[in-house]
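Can you read through this structure? Questions will come right after.
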Amino acid sequence: MSKNKVREYNAVEVEKKWRKKWAEDKLHEVDIEGTPEEDKFYNLTMFPYPSGSNLHMGHWLNYGGVDTFGRYMRLTGKTVFQPMGFDSFGLPAENYAIKTGVHPEDSISTNVATMKKQISEMGGMWDWSKQVITSSPEYYKWTQWLFLKMLEEGLAYQAESLVNWDPVDQTVLANEQVLADGTAERSGAVVEKKLMKQWYFKITDFAEDLLDFSGTDWPEKTRKMQENWIGKSEGTEIVFDLLSEDSGYTEKTGESLVAFSTRADTLYGATYMVVAPEHPMVDELLADDYREQCEKYIKAALMKNEIERSAEGKEKTGVFTGSYAENPINGKPVPIWVADYVIGSYGTGAIMAVPAHDKRDYEFAKKYKLDIIEVIDGDKGEEEIFTGYGIAKNSGEFDGEISEKVKEGITAKLEAIGKGSAKTTYRLRDWSVSRQRYWGAPIPVVYCDDCGVVPVPVSDLPVELPRDVDYQPKGKAPLATSEEFVNCKCPSCGGNAKRETDTLDTFVCSSWYYLRYPNANDDTQAIDKALAKKWAPIDMYIGGSEHATMHLLYVRFVNMVMQKLGYVDHKEPTLRLFHQGLITKDGAKMSKSKGNVVNPDEYVEKHGSDILKMYLMFMGPFADGGDWSDTGITGVLRFRDKFWKMLLSPEVSELYKEVEKKLHKVIDSITTDMENLQFNTCLSALMEFTNLASKKGLTRDAKEKIVTLISPLAPHMAEEIWMDVLEHEESLFAAGKVWPEANPEMLVDDVVTLGVQVNGKLRGEVELGVDEARESALEKSREVVAGSLEGKDVVKEIYVPGKIINFVVK
RNA sequence: GCUCGGAUGGCGGAAUUGGUAGACGCGCAGGACUUAAAAUCCUGUUCACCUAGUGAGUGUGGGUUCGAUUCCCACUCCGAGUACCA
């Protein structure tokens with residue numbers, strides 16, 4: 001029948017042949033306009049940053065898994081759109097340029113070319129005809145358009161905020177560029193904080209929408225992380241009136257300090273207040289005798305970032321301001337402190353401290369000998385203080401009531417006397433999108449003396465990033481050094497104006513790219529409504545979990561805005577989300593600086609990409625990644641050869657019953673595992689089948705089924721078998737819905753072997769029918785473990801059909 | 001610090017809703033084939049011991065249950081994120 005003798009499998013040659021053929025046939029190019037909506041499957045991976053180094057094992061794991069899943073969906077009959085692009089703006093290219101003098105445009109275009117070549121050699125079904133490169137004017141033109149939309153919608157605004165300032169390099173630093181000791185990575189200078197006017201996106205307007213994940217299939221952990229990041233808490237804003245020093249703290253100054261608390265029920269126990277070092281009222285709180293000491297403390301505190309301020313083992317520090325405020329519930333004066341454990345951006349930046357019922361306040365109060373008054377009765381257990389809900393005491397009229405009631409009562413009372421109100425706050429902050437850097441999309445606004453802030457009209461986009469700009473750090477944004485760029489005419493009045501010189505955060509570029517892919521080459525509009533509505537939401541989005549809170553929150557936010565504007569129908573950008581794991585080397589993240597980067601190319605050259613991909617998929621769960629070691633690659637090679645030989649052996653006319661049953665069980669388990677992206681167990685199942693069937697022979701039908709099952713994992717080999725051995729006319733991946741279905745009758749066994757336990761310990765095995773009746777099952781089991789039952793009283797007999805028998809004896 | 005994960009043989013890992021722990025693979029040991037080796041094939045392989053068996057065992061200590069890798073409590077270690085790396 002077959003013209004093929006059993007021949008050796010030459011992976012490298014075979015793979016090259018099929019990649020060439022697939023490219024010629026444009027097999028992976030999707031008919032974006034013509035595909036019916038019910039057939040579409042948008043299979044997306046988070047696009048890579050084109051860094052200097054080659055593709056690493058992490059990329060391989062990531063894209064290997066994406067492609068395996070995509071091919072599986074393809075074989076179930078879906079039209080799979082699997083585009084690829086590059087997130088090419090950003091800090092690393094700029095830093096590289098500063099260091100080496102190579103222009104980011106040049107290094108990026110080299111890197112993109114290299115990575116594209118390497119990704120192509122993996123043999124994935126990437127649709128390169130819809131590529132996006134975020135640093136290209138054709139793309140960032142529309143990123144600027146997105147900014148203008150935000151502005152139009154009132155979702156972009158300017159405000160001052162603190163940034164890391166390097167006084168030597170005269171430049172803003174990313175948190176990453178600030179070392180743990182507070183000095184700058186590059187210059188070594190002690191980093192300062194500087195107030196700067198920045199553009200923000202009002203993501204906080206969408207806090208409630210972002211908390212609603214209905215309709216999505218996301219990992220529980222990612223949802224939790226986002227929920228905590230958004231950090232909704234319902235509490236009370238409480239007004240503490242300031243007391244004047246001159247009066248001996250008996251009279252009010254007329255000013256007040258507002259604190260946010262989720263535990264208004266503990267207000268009677270509030271014995272002091274703490275304001276964040278960056279609190280806007282700090283300066284007026286400083287009494288003369290305390291000013292010098294406080295200012296020193298505040299300056300030091302502002303140099304640290306949030307993580308350092310609350311770092312491990314760090315003792316809480318603070319200073320007394322010399323001011324007092326009145327506790328509104330009992331009229332008692334409380335001292336006001338400044339401490340860096342209070343963060344300015346959360347709540348109101350000021351807290352009422354209840355040391356008897358809050359751990360941090362307790363530590364602080366003990367250290368500085370502040371009053372500690374218990375106002376709740378509760379079981380402390382082994383702790384020094386009680387932090388839960390209990391029964392109120394020392395709380396005036398609220399004594400004896402439960403905390404929840406007290407909270408409501410006190411809030412109501414505060415409302416009645418005008419000293420507070422119920423309030424919901426969120427930890428989520430607005431998204432700062434301004435960067436004082438060169439390598440980003442220029443923010444498309446101009447500043448006109450007469451008209452103020454004027455958006456650049458869409459027809460004038462892109463505001464092009466000039467190539468010849470001095471991007472060396474020197475005290476102002478790189479774009480500000482270019483007179484040619486800065487000076488322009490006001491689009492509104494035609495008078496002299498100056499351009500905004502900040503660029504956009506690269507997260508803005510990546511917040512909408514999935515809506516651009518379907519019409520990536522369309523120069524007339526950012527998003528094609530009809531196409532976006534058809535292809536969005538993303539059916540499967542795969543990327544690292546390091547993006548759980550930022551990128552994945554920004555994408556959701558932007559999608560919500562786009563929905564509001566009618567560009568998409570769905571609130572959520574992606575239905576299903578999956579995080580691949582991390583590949584490490586000797587337990588550490590692979591990086592050039594550590595010198596532990598393993599180059600995938602050498603494995604591809606030696607064994608072919610199918611082998612490397614299968615090995616990465618087999619190494620462990622796709623969601624876990626793992627530590628790289630090539631010791632196990634032998635097993636995958638052996639399996640591949642065995643599989644190849646099995647498929648090339650002569651066909652048999654009928655399958656052995658055992659093999660047939662196994663085939664259907666394998667179809668069943670692989671289908672489930674593919675759906676769940678558990679590729680390691682897909683391979684285990686294929687190995688088991690091969691071990692069994694290679695001795696017995698396969699029918700043509702079985703060969704077609706098993707080749708289809710392996711094809712998402714080893715597409716080149718599968719295609720070679722499909723076309724060259726099984727002599728099909730058309731590619732397996734163009735064959736439509738060919739994924740096999742298991743025959744349910746083949747999945748059930750009539751006999752099962754069950755463990756027989758005595759007191760929960762395995763003492764024997766028994767063969768039973770699947771639905772063996774209780775009495776006969778127990779009867780047979782008793783015989784098996786007769787020895788262990790001898791002389792004992794059986795007090796209970798447990799029989800769970802198909803699972804277990806357990807005798808409880810005394 | 002805070003938030004979220006993870007920990008199973010010598011190694012990578014497997015185990016629907018609690019039901020025979022260690023599938024599959026690597027490695028190792030023994031055997032077949034070979035003048036020999038490689039490759040391939042077969043057998044064995046959680047550990048301990050007084051080895052026809054018995055006991056222990058899924059990071060540690062407790063708990064719930066007839067039964068826990070799985071559920072609960074406390075802890076240890078490792079990883080990710082922590083808002084200007086992406």
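In what follows, chains are A, B, ... by sequence order, proteins preceding strands, each numbered from 1.
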>> Using a distance-only criterion (donor-acceptor N/O pair, under 3.5 Å, no hydrogens), is the base of B:U16 paired with the side chain of A:Lys803?
In response: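 No.
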
> Is the backbone of A:Thr204 close enough, under 3.5 Å, to the side chain of A:Asp430 for a donor and an acceptor to pair up by distance?
Replying inline: yes

> Quick one: the side chain of A:Gln757 and the base of B:C66, do they pair up donor-acceptor inside 3.5 Å?
Replying inline: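 A donor-acceptor contact between them is absent.
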
> Which word best sums up how the rings of A:Tyr140 and A:Phe89 line up, parallel for under 30°, tilted for 30 to 60°, or perpendicular for over 60°?
Replying inline: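 Ring orientation, 0 to 90° scale: tilted.
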
> What integer number of Å spans the C1' atoms of B:G27 and B:G13?
Replying inline: 14 Å

> Base, sugar-phosphate, or nothing: which does A:Met550 touch, judged by heavy atoms less than 4.0 Å apart?
Replying inline: base

> So, is A:Asn228 close to the B:C4 phosphate, meaning a side-chain N or O under 4.0 Å from OP1 or OP2?
Replying inline: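 Checking A:Asn228 against B:C4: at least one side-chain N or O falls below 4.0 Å of OP1 or OP2.
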
> Would you say B:G27 has OP1 or OP2 under 4.0 Å from some side-chain N or O of A:Arg638?
Replying inline: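 Yes, because at least one side-chain N or O of A:Arg638 sits under 4.0 Å from OP1 or OP2 of B:G27.
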
>> Regarding A:Phe507, tell me which of base, sugar-phosphate or nothing describes its non-hydrogen contacts under 4.0 Å with the strands shown.
In response: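 Base, at least one base atom sits under 4.0 Å.
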
>> Measuring centre to centre across the rings, with the benzene-like ring taken for any Trp, is A:Tyr139 within less than 6.0 Å of A:Trp512?
In response: yes

>> Let me spell it out: for each of A:Gln436 and A:Lys642, pick the nucleotide of RNA chain B with the closest heavy atom. Which residue's pick is nearer the 5' end?
In response: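 First, find each residue's nearest nucleotide; the 5'-ward one identifies A:Lys642.
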
> A:Tyr554 and ring pair (Phe, Tyr, Trp, His ring centres under 6.0 Å): which partner among A:Trp229, A:Phe206, A:Phe507?
Replying inline: A:Phe507

> Looking only at side-chain N and O atoms, does A:Lys224 come under 4.0 Å of OP1 or OP2 in B:G5?
Replying inline: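 So the side-chain polar atoms of A:Lys224 do come within 4.0 Å of the phosphate oxygens OP1 or OP2 of B:G5, strictly under.
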
> Between A:Asn691 and B:G25, does any side-chain N or O lie under 4.0 Å from OP1 or OP2?
Replying inline: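 For B:G25, OP1 or OP2 has a side-chain N or O of A:Asn691 closer than 4.0 Å.
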
> Can a side chain N or O of A:Arg435 be found less than 4.0 Å away from OP1 or OP2 on B:C84?
Replying inline: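 Yes, within the criterion.
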
> Of A:Lys796 and A:Asp627, whose closest RNA chain B nucleotide lies nearer the 5' terminus?
Replying inline: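 Going by which nucleotide is closer to the 5' end, it is A:Asp627.
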
>> Just to be sure I understand the rule, does A:Ser434 reach a base, reach only the sugar-phosphate, or reach nothing, if contact means heavy atoms closer than 4.0 Å?
In response: base

> Looking at B:G5, B:A86, B:C26, which one has an atom nearest to any side-chain atom of A:Thr634?
Replying inline: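 Looking only at heavy atoms from C-beta outward on A:Thr634, the closest nucleotide is B:C26.
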
>> The test is side-chain contact (heavy atoms from CB on, under 4.5 Å); show your working for A:Leu552 and A:His579 and say whether it passes.
In response: CA-CA 12 Å; A:Leu552 285 167; A:His579 298 302; 3.8 Å; yes

> Is the distance from OP1 or OP2 of B:A83 to the nearest side-chain N or O of A:Asn175 less than 4.0 Å?
Replying inline: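 Looking at the OP1 and OP2 atoms of B:A83, one of them is under 4.0 Å from a side-chain N or O of A:Asn175.
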
> Using the ring of each side chain (for Trp, its six-membered ring), is A:Phe622 parallel, tilted or perpendicular to A:Phe679, with breaks at 30° and 60°?
Replying inline: tilted

>> In dot-bracket form, 5' to 3', how is RNA chain B paired? Count Watson-Crick and G-U wobble pairs only if both distances fall under 3.5 Å, and write | where the partner sits on another strand.
In response: (((((((..(((......[....)))((((((.......))))))((((...))))..(((((..]....))))))))))))....

>> When you measure from the side-chain N and O atoms of A:Thr506 to the phosphate of B:A86, is any distance below 4.0 Å, counting only OP1 and OP2?
In response: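 For A:Thr506, the contact criterion (side-chain N or O under 4.0 Å from OP1 or OP2 of B:A86) is met.
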
> Ring centroid separation for A:Tyr615 and A:Tyr603, is it under 6.0 angstrom?
Replying inline: no

> According to a strict under-4.0 Å criterion, is A:Lys761 in side-chain N/O contact with OP1 or OP2 of B:A56?
Replying inline: yes

> Do the ring planes of A:His547 and A:His551 sit parallel (below 30°), tilted (30 to 60°) or perpendicular (above 60°)?
Replying inline: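 Rings of A:His547 and A:His551: perpendicular, as their planes differ by over 60°.
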
>> For the P atoms, the ones on B:C72 and on B:C24, what distance do you get once it is rounded to whole angstrom?
In response: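 Their P atoms lie roughly 31 Å apart.
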
